[in-house]
Amino acid sequence: MLDGTAALFLVVGGLMSLAAGIGLVRFPDLHSRMHAATKPQVLGLLMLVLAAAIMWRSWSWVAIALLAWGLMILTAPVSAHVVGRAGYRTKHMRADLLADDELATAVDRVSRHGGVRREVKDD
């Protein structure tokens, strides 16, 4: 029973990782590729580490597997945000695919002023 569950988790995790790889190749722009790289990859990694933890048949490996997945779930959104923001600023995006460009006004304002201004209060 445990081997069957682990095998199912391995297949699902592999398919999710495959979907992420196909999305990276097939999607038209940076932002949709970024989405494909992060969303299914996190779930695919969860399935793979759970399958490994089941196959090892030790509770200590479950904690290590969940730690690895937890680090992935913490770093994937941050890295996707940084890549998306850099792609937006360097114009590596397709503006025709954006439904609403909420960041344009903030970027224009910062560009006009030459950077972020901070007010310093003297005490």
Note to self: Within this structure, what is the CG-CG distance for the pair L66 and L71, rounded to the nearest 0.5 Å?
What the structure shows: 11.0 Å
Check: Apart from W56 itself, what residues make up its hydrophobic cluster when side-chain heavy atoms of I, L, V, M, F, W and Y under 4.5 Å apart count as a link, directly or indirectly?
Finding: W61, I64
Checklist line | M16-V42 co-clustered via ILVMFWY side chain contacts under 4.5 Å | finding: yes
Note to self: How close do L24 and A36 get, counting heavy atoms only, and between which atoms?
What the structure shows: N-CB, 4.2 Å
Notebook entry, point to check: CG of D3 to CG of L8: how many Å apart, nearest 0.5 Å?
Noted result: 12.5 Å
Item checked: Interatomic distance, S17 atom OG to L43 atom CG [nearest 0.5 angstrom] -> 9.0 Å
Check: Which distance, rounded to the nearest 0.5 Å, do you find between the NZ of K39 and the CE of M34?
Finding: 9.0 Å
Note to self: Checking R26 now: which residues fulfil salt bridge (Lys or Arg N to Asp or Glu O under 4.0 Å) with it, not counting sequence neighbours?
What the structure shows: none
Check: Hey, quick one: are V25 and L30 part of the same hydrophobic cluster, counting side-chain heavy atoms closer than 4.5 Å, chains of contacts allowed?
Finding: no
Next item on the list: Determine the minimum heavy-atom distance between A76 and S79, stating which atoms define it.
Entry: O-OG, 3.0 Å
Margin query: To check you understand the geometry: which heavy-atom pair defines the closest contact between Q41 and A20, and what is its length?
Written below: OE1-CB, 3.8 Å
Next item on the list: Drop me the distance from L46's CG to M72's CE, to the nearest 0.5 angstrom.
Entry: 11.0 Å
Next item on the list: With sequence neighbours excluded, give me every ring pair (Phe, Tyr, Trp, His ring centres under 6.0 Å) pair touching residues 63-85.
Entry: none
Notebook entry, point to check: Under 4.5 Å between side-chain heavy atoms, hopping through other hydrophobics if needed: is there a path connecting L45 to I73?
Noted result: yes
Check: Going from OG1 on T5 to CG on L50, what distance comes out if it is rounded to the nearest 0.5 angstrom?
Finding: 11.0 Å
Notebook entry, point to check: Given the rule that I, L, V, M, F, W and Y join up when any side-chain heavy atoms are under 4.5 Å apart, are V49 and I54 in one cluster?
Noted result: yes
